[in-house]
Amino acid sequence: MKQKQTFKKAVLGVLLIAAIVILMIQSAVPGIPAHAKEQADEYRNRVFTKKLYQNTKKIGFGSDKVQTADDSKTVKKVYRLLAGMELKEQKNPAEEMKTGFDTLVIYKKDGTKKTFFLEGNELRTGKKCYKIIKNNPLNSIYKVYGMEQDYNKDTNKDKDTDNENAVVKAVYPKTSPYPDEQDYTKADGTFDSQGYSKAYDAWYEDVSGRLKITGYADGLDGFMTKSIPQFLSGAAEENRVYSPVNVYMALGMLAELTDGSSRQQILDLLGSSDMKSLRQQAADLWNANYRSDTVVTSVLANSIWMNENVRFNKSALQSLAEHYYASSFQGEMGSDQFNQALQEWLNEQTGGLLKEQVSTEKLNPQTVMALASAVYFRARWHHEFLKENTKQDLFHAKSGDITCDFMKKDQTHDGYYWGEKFSAVSQKLEGSGSVWFLLPDEKVTADELLKDSEAMEFLVKTDKNSWKNQKDAVINLAVPKFDVTSRFGLKEGLEELGVTDVFQPETSDFSPMTEDDRALYVSKADHAARAAVDEEGITAAAYTVIGIEATAALVPEDEIDFVLNRPFIFAVTGTDGLPLFTGIVNQP
């Protein structure tokens, strides 16, 4: 009996307390309980939901360059960190984020993606903004991705410790190294074939994964066939080297900063219908050509250099970071320190191959912003030339004969290609593409070949196996060792190709970049490139700096002597077959 009375008293007490609480809540917010209203503003797992996780294929993350992870273990670990956040929607967020943001990309299984930007304790996606009120995961995510830099709550502080002007530093994806057989040869001379195969499979999987990127080369042939003759022709007796991929990336970044007819002229030249397709193509082009292993180094690097006294629209910088993997720097424009920082960046990204040209690149105090794009490529021949076979011979230059070293390979079975005015062979690169040599027919100059539509069609064709005029033959190849460098302005050539508005303050439109009311225009557009070929392989580099200121031959015999002893054209292709470098050798 006593126990029943005690139980009744407890029940009555609970009911009384509940009634008092309900009365208090109803009086505080008529119609909506106070705790329910507070929870309605919180989004614990309503952004990174279970449904979204089940549709996630991979997750990209980075302070500038997005580094993706697609293995299920890593994806699950990162997603748990994201889902563990407690978020509160911000009704009236600040208009803009600072430049020191982190980018997070959820790649879905249906091919779409969702992009988030994180800055301090703030998360943004589309037009929505949330405050991270608990469990900020950035430090942990950096560690999962193995990144050296740590998330810093003071987002005004530079993340690039190597350059005090850095706002955001590019983080390149990690790649599997090409295995060296010596590393798998034991002290007793036996070979660890199982270990070597495992390392090789990891390398091959990494490379083949990039080759699966499709569609990004669509439309590039138009830009290539227009720009290659434009910038290689008229060199007289000088050598000239031009990187179409490098200039493409620089113009793509310029399109991000322009609008109206200024932007449309660039899109027309690049062969893109709109900015969305251009952004996707630029990002895929970068990833498809990125290699950094012991066999091949191929890096497309981009950066933005900003005047510290000018306010920039952060959305444009965000797009450059996400789609062009561009680092950004800000400082005193025209100062020795800022010019030195630019030169050091260019030298680093081009492997020091263009030090003389880089030393002349300076930005004056009137420069509002500069775009810098660089490409570096190094690869060994699949079958090297033997140094003992290198012999001196004559090269018939326009001004007269020159004696130089010719690398030679005799009696090699390979593909031979030809057109109405040229013939061509290639040399395969280890783990990468090829170097193609186009030799004009007798009495046809290299400049004439640059104007020949068939020759240009062959030069930019990614699948040479589908070329109509080809055969297997025994090739006796002789290639002069050459190291050619050139530096020239792009302005005149771009204007002839239809990009004119950006060079005139009266017609240029840089509204996406800044709200500065001064008239802005492109004041400089420099391009420098170098390509060196020897018995071991090829090393090449190029950079572009854009400154923006205010104010049927007969079928040959089966055995062919292919001797490049007169001015000729060459092209270096990546694994995908796209020409990374093209050049004309008038005198080796």
Requested in this report: Compute the ring centroids of Tyr325 and Trp286, then answer whether they are less than 6.0 Å apart.
Outcome: yes
Query - Contacts of Lys113 that satisfy salt bridge (charged side-chain N to carboxylate O under 4.0 Å, His left out) - sequence neighbours left out - result: Glu322
**Report entry** Glu205: partners by salt bridge (charged side-chain N to carboxylate O under 4.0 Å, His left out), with sequence neighbours left out
**Finding:** none
Query raised in the report: Do Arg380 and Val295 come within less than 4.5 Å of each other through their side chains, counting heavy atoms only?
Result: no
For [X] and [Y], does a side-chain donor sit closer than 3.5 Å to a side-chain acceptor?
X	Y	answer
Ser373	Asn246	yes
Tyr376	Arg378	yes
Ser227	Tyr242	yes
Asp110	Thr112	yes

Query raised in the report: Are the side chain of Asn339 and the backbone N or O of Leu363 linked by a donor-acceptor pair below 3.5 Å?
Result: yes
Query raised in the report: What residues form a ring-ring contact (aromatic ring centres under 6.0 Å, His included) with His323, not counting sequence neighbours?
Result: none
Requested in this report: Please identify each residue that fulfils ring-ring contact (aromatic ring centres under 6.0 Å, His included) with Trp381, with sequence neighbours left out.
Outcome: Phe385
Centre of [Y]'s six-membered ring, under 6.0 Å away, within 45 degrees of the axis: is that where NZ or CZ of [X] sits?
X	Y	value
Lys58	Tyr107	yes
Lys461	Trp467	no
Lys491	Phe503	yes

Query raised in the report: Taking 4.0 angstrom as the limit, do Lys524 and Asp526 come out as a salt bridge?
Result: yes
Query raised in the report: Under a 4.0 Å N-O cut-off, is there an ion pair linking Asp483 with Arg530?
Result: yes
Report task. Answer yes or no: does atom NZ of Lys468 have more than 12 heavy-atom neighbours from other residues, nucleotides or ligands under 6.0 Å? Result -> yes
Query raised in the report: Are more than 12 heavy atoms from other residues, nucleotides or ligands located less than 6.0 Å from atom NZ of Lys428?
Result: yes
Query raised in the report: Step by step, would you call Glu535 with Met407 a side-chain contact (heavy atoms from CB on, under 4.5 Å)?
Result: CA-CA 7 Å; Glu535 291 89 350; Met407 305 180 298; 3.9 Å; yes
**Report entry** side chain to side chain donor-acceptor pair (under 3.5 Å) contacts touching residues 194-204 (sequence neighbours left out)
**Finding:** Trp203-Asp293
Report summary line: Here the ring-ring contact (aromatic ring centres under 6.0 Å, His included) pairs for residues 569-588, sequence neighbours left out, are Phe482-Phe570
Query raised in the report: Can Phe458 and Phe422 be said to form a ring pair (Phe, Tyr, Trp, His ring centres under 6.0 Å), step by step?
Result: CA-CA 10 Å; Phe458 176 82; Phe422 71 94; 5.5 Å; yes
**Report entry** Val502/Ile546 under side-chain contact (heavy atoms from CB on, under 4.5 Å): CA gap, chis, key distance, verdict
**Finding:** CA-CA 11 Å; Val502 293; Ile546 297 177; over 6 Å; no
